[in-house]
Amino acid sequence: MPSSHSAFVVSLATSVGKKVGLDSVEFAITFAMAMVVMYDASGVRRAAGQQARILNKLVQQWGKHDPHFVEDKLKELLGHTPFEVLVGALLGMAIALAR
């Protein structure tokens, strides 16, 4: 259920922040990377899944007229909900802080 990608990158950023400080270049880099990964997990990939769902419906409709047109369905479950990303981020932070 939680996003493992979000858990990993937030755990990495938290660990780097603990080790070298929150005002370090290393933390800034890992924090920026974590933001990009979490945005991708909840936004871009989720939108791609919605597009795949629509494309699958179109292909199914066109396949009724031309059976040769129908191929494998596109994967529709690509991204995470914002809640799953948040839970993954909190889990990653908790794990890093527990060390």
Side-chain angles (χ1 to χ4, degrees):
M1 182 282 232
S3 167
S4 60
H5 292 95
S6 297
F8 173 75
V9 293
V10 170
S11 177
L12 175 66
T14 304
S15 296
V16 169
K18 279 177 51 178
K19 182 88 171 171
V20 296
L22 298 178
D23 60 346
S24 67
V25 171
E26 293 90 345
F27 175 72
I29 291 169
T30 56
F31 179 81
M33 184 182 75
M35 294 297 107
V36 169
V37 168
M38 291 188 297
Y39 174 78
D40 180 66
S42 67
V44 177
R45 292 182 70 215
R46 188 164 177 189
Q50 291 170 340
Q51 290 175 1
R53 188 174 311 111
I54 292 168
L55 287 171
N56 284 336
K57 288 180 183 179
L58 288 172
V59 168
Q60 183 182 22
Q61 289 297 318
W62 286 339
K64 291 178 183 177
H65 304 291
D66 183 3
H68 294 69
F69 186 76
V70 178
E71 297 194 17
D72 294 337
K73 289 182 78 171
L74 298 171
K75 187 175 176 181
E76 296 179 11
L77 297 174
L78 295 175
H80 293 286
T81 65
F83 180 72
E84 292 169 338
V85 171
L86 176 65
V87 171
L90 292 174
L91 180 63
M93 189 180 295
I95 290 170
L97 290 174
R99 289 190 59 224

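Quick caveat: nothing in here was measured; it's all calculated off a predicted structure.
Under a hydrophobic-cluster definition in which Ile, Leu, Val, Met, Phe, Trp and Tyr are linked whenever side-chain heavy atoms come within less than 4.5 Å, directly or via other members, M38 and L12 are assigned to the same cluster. Under a hydrophobic clustering in which Ile, Leu, Val, Met, Phe, Trp and Tyr are joined whenever their side-chain heavy atoms come within less than 4.5 Å, directly or via other members, V37 and Y39 fall into different clusters. By the rule that hydrophobic residues join a cluster once side-chain heavy atoms approach within less than 4.5 Å of another member, F8 and V36 end up as members of separate clusters. There is a path of hydrophobic side-chain contacts, each under 4.5 Å, that joins M35 to V9. Cluster membership check: F31 does not share its hydrophobic cluster with I95, using side-chain heavy-atom separations under 4.5 Å among Ile, Leu, Val, Met, Phe, Trp and Tyr.
The side chain to side chain contact (heavy atoms under 4.5 Å, CB included) test with S42 is passed by exactly one of V85, L86, T81: V85.
Every residue meeting the side-chain contact (heavy atoms from CB on, under 4.5 Å) condition with S24, not counting sequence neighbours, appears here in chain and number order: V20, E26, F27.
Annotation for A89 and V10: closest pair O-CG1, 3.2 Å, computed over non-hydrogen atoms. Considering all non-hydrogen atoms of both residues, S11 and A96 come closest at O-CB, 3.5 Å. Residues S3 and A41 come closest through the heavy atom pair OG-CB, 4.4 Å. Of all the heavy atoms in R99 and K18, the pair that sits closest is O-NZ, 3.2 Å.
At most 12 non-hydrogen atoms from other residues, nucleotides or ligands lie less than 6.0 angstrom from NZ of K19.
Annotation: the span from M93 atom CE to S6 atom OG amounts to 11.5 Å, rounded to 0.5 Å. Put simply, OG1 on T14 and CG on L22 are 9.0 Å apart, with the number rounded to the nearest 0.5 Å.
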